[in-house]
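As structure tokens, the structure follows; a few thoughts come after it.
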Amino acid sequence: MNKLHLSLEVFPPKKQEDFPNAYTVLDSLSTLNPEFISVTYGAGGSNSKKTVEIASYIQNTLQIPSVAHLTCVGNTKQDILKVVEELKKVNVSRVLALRGDRPSYMTDEQFNAREFTYATELVSFLKEKTNFTLMGGCYPEKHFEAASMEEDLQHLKEKTEAGCGILISQLFFDNDFFYRFLEKADKIGIKADFHAGIMPITTAKQLGTTVSLSGSSVPKKLADVIATYGDNAEDMRKAGIDFAVSQIMDLQAHGISGIHLYSMNKPKTTAAIVSAIR
Ligand code: FAD
């Protein structure tokens, strides 16, 4: 079996007073020795300071490579350069370059006049202005705006050719989507390291929210887990962990070594998965 390349994703706390607790969560996650921890970015570029602060803690205090997510849909080039300067100041040199979803405050006029139309333009801009390591997002079940998987993959190819060598996938629950996606990406010559995005589902409610945000398909096996254990918090948590573990084991058995765990800032659940897959 291939060596496991494990990375984790966390989100910054909403309120400043929650930072100490966030640091405790990160201290716990750091004991799992991930290859990097990525930190999400507020929709439309809100609260970039919190992303920088958490990424800095991971990089400088925990001494683990950190990746700052950076979205460009609501940002001008000047805004992006400001965040770049903040990241440089705290020694963070890895960015997950994203377009982001249209924020609710943006009018049609603002949205149509945005400086960066797609993530590829952000990748090119960062390539020109920095020597950061650039990562990007990819969608095993197709991005919701793309007319077809083929079109989405062509644009993904442009993103990698612009300088993005590592791709982290949208979460998925059915591995077959990921296998088919990798085959198609390979066929059109996309050259990148792929990391499979896995999110453990530990409550029935979480599945509903996750599916509405990601659009990911729910296979029968996962629907059965919810139907069987959804009403019992502890059993559901265990069954959700088992589901994620078996998904990762299957990926590993298919030669996939890059696993990106959406930790949801839950160290115990994350640790249970990591200890089972190692
Ligand atoms: P793009 O790569 O720009 O693609 C968006 C759409 O545009 C696709 O349909 C693509 O096919 C199409 N497209 C690309 N180029 C062209 C072109 N030249 N012409 C026509 N169409 C084109 N959002 C946040 O707000 N904060 C986060 O921290 C965050 N983290 C994420 C982490 C991961 C791993 C992933 C996969 C997503 C994350 N997102 C986050 C969500 C992301 O911002 C949205 O999915 C967004 O809608 C697309 O971003 P993108 O960078 O993938 O866009």
Side-chain angles (χ1 to χ4, degrees), residues 7-14 36-52 54-55 58 66-75 79-80 83 87 92 94-106 111-112 114-126 134-164 166-172 177-178 181 184-185 188 190 192-199 209-216 258-265:
S7 54
L8 304 177
E9 180 166 320
V10 296
F11 50 83
K14 286 208 171 65
F36 64 83
I37 301 179
S38 79
V39 188
T40 63
Y41 198 73
S46 56
N47 295 324
S48 66
K49 282 199 165 49
K50 289 182 175 154
T51 301
V52 175
I54 293 289
I58 294 164
S66 73
V67 177
H69 295 202
L70 182 54
T71 65
C72 58
V73 66
N75 284 332
D79 296 330
I80 294 291
V83 184
L87 290 170
V92 171
R94 294 171 191 80
V95 161
L96 176 61
L98 297 152
R99 191 206 58 190
D101 287 324
R102 175 182 173 164
S104 51
Y105 65 78
M106 263 184 138
F111 185 66
N112 294 332
R114 65 195 190 273
E115 280 193 24
F116 295 95
T117 319
Y118 299 109
T120 298
E121 289 158 34
L122 177 61
V123 171
S124 302
F125 184 71
L126 292 173
L134 302 176
M135 307 184 181
C138 65
Y139 301 83
E141 297 186 52
K142 182 181 90 58
H143 184 264
F144 71 96
E145 289 168 26
S148 67
M149 181 56 103
E150 285 62 35
E151 206 174 280
D152 206 19
L153 280 165
Q154 277 307 329
H155 295 311
L156 185 62
K157 190 172 185 205
E158 289 155 17
K159 189 154 62 179
T160 56
E161 287 169 352
C164 164
I166 301 170
L167 295 173
I168 303 183
S169 89
Q170 176 63 285
L171 63 97
F172 57 89
F177 283 108
F178 194 63
F181 169 76
K184 286 183 180 168
I188 64 162
I190 295 182
D193 286 339
F194 287 88
H195 291 249
I198 300 295
M199 181 183 280
T209 321
T210 304
V211 167
S212 72
L213 288 173
S214 67
S216 305
I259 303 293
H260 185 71
L261 266 184
Y262 291 92
S263 82
M264 305 303 290
N265 294 17

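Every number for a ligand or one of its atoms is a count from 1 in the order of the listing. These numbers were taken from a predicted model, which means no experiment stands behind them. No hydrogens, no waters, no symmetry mates; every other heavy atom, side chains included, goes into these values.
Atoms of ligand 1 lying under 4.0 Å from at least one heavy atom of Y41, given by number and element, are 24 (C), 25 (O), 26 (N), 27 (C), 28 (O). Close approach of ligand 1 to D152 is summarised as follows: ligand atoms under 4.0 Å from at least one heavy atom of the residue are 8 (C), 9 (O), 10 (C), 11 (O). Close contacts of ligand 1 with A146, meaning ligand atoms under 4.0 Å from a residue heavy atom, involve 9 (O), 11 (O). Below 4.0 Å from some heavy atom of T71 lie the following atoms of ligand 1, by number and element: 24 (C), 25 (O), 26 (N). Within ligand 1, the atoms closer than 4.0 Å to a non-hydrogen atom of I168 are 34 (C), 36 (C), numbered from 1 in the order shown. Counting the atoms of ligand 1 from 1 in the order shown, those under 4.0 Å from a heavy atom of Q170 are 36 (C). In the vicinity of T40, heavy-atom distances shorter than 4.0 Å reach the ligand 1 atoms 28 (O). Listed by atom number, the atoms of ligand 1 under 4.0 Å from L96 heavy atoms are 32 (C).
The nearest protein atom to atom 47 (O) of ligand 1, hydrogens excluded, is given as D101 OD1, 2.4 Å; this is a heavy-atom distance. Looking only at protein heavy atoms, the nearest one to atom 3 (O) of ligand 1 is A119 N, 2.8 Å. In terms of protein heavy atoms, atom 2 (O) of ligand 1 is closest to K159 NZ, 2.8 Å. Among protein heavy atoms, atom 29 (C) of ligand 1 sits closest to L98 CD1, 3.4 Å. Taking atom 34 (C) of ligand 1 as the reference point, the nearest protein heavy-atom neighbour is Y262 OH, 3.4 Å. At the top of the distance list for atom 51 (O) of ligand 1, counting protein heavy atoms only, stands R99 N, 2.8 Å. Looking only at protein heavy atoms, the nearest one to atom 52 (O) of ligand 1 is Y139 OH, 2.7 Å. The protein heavy-atom contact nearest to atom 43 (O) of ligand 1 is G100 CA, 2.9 Å.
None of V10, L261, I54 except one satisfies the side chain to side chain contact (heavy atoms under 4.5 Å, CB included) rule with I37; the exception is V10.
Across all their heavy atoms, N75 and E115 have their closest contact at O-CB, 4.3 Å. M199 and M264 make their closest contact through CE-SD, 3.3 Å (heavy atoms, listed as atom of the first residue, atom of the second, distance). The minimum heavy-atom distance between A119 and K159, with the atom names listed, is CB-CD, 3.9 Å.
In this structure, F178 has its ring center closer than 6.0 angstrom to the ring center of F172. If you look at H195 and F36, their ring centroids are closer than 6.0 Å.
Nearest to atom 5 (C) of ligand 1 by heavy-atom distance, out of H195, H143, Q154, is H143. The closest non-hydrogen atom to atom 17 (C) of ligand 1, taken over F116, F11, Y118, comes from Y118.
At least one side-chain heavy atom of E121 sits less than 4.5 Å from a side-chain heavy atom of Y118. Using a 4.5 Å cut-off on side-chain heavy atoms (C-beta onward), T51 and T40 make no contact. A heavy-atom distance below 4.5 Å is found between the side chains of F116 and I80. Considering only heavy atoms from C-beta on, E150 comes within 4.5 Å of K184 through its side chain.
Between F181 and F194, the ring planes lie perpendicular to each other; the angle is over 60°, past the 30° to 60° tilted range.
Residue contacts with ligand 1 for T117 are absent, since no atom lies close enough (heavy atoms, distance under 4.0 Å). Counting heavy atoms closer than 4.0 Å to ligand 1, residue H69 contributes side-chain atoms (C-beta onward) but none from N, CA, C or O.
Residue contact check for ligand 1: G197 places no non-hydrogen atom closer than 4.0 Å to it.
Residue-to-ligand polar distances keep G137 apart from ligand 1: every N/O pair is separated by 3.5 Å or more.
Figure legend: cation-pi geometry between R114 and F111, with NZ or CZ positioned under 6.0 Å from the six-membered ring centre and within 45° of its axis.
Under 3.5 Å, the side chains of S38 and H69 contain a donor-acceptor pair of N or O atoms.
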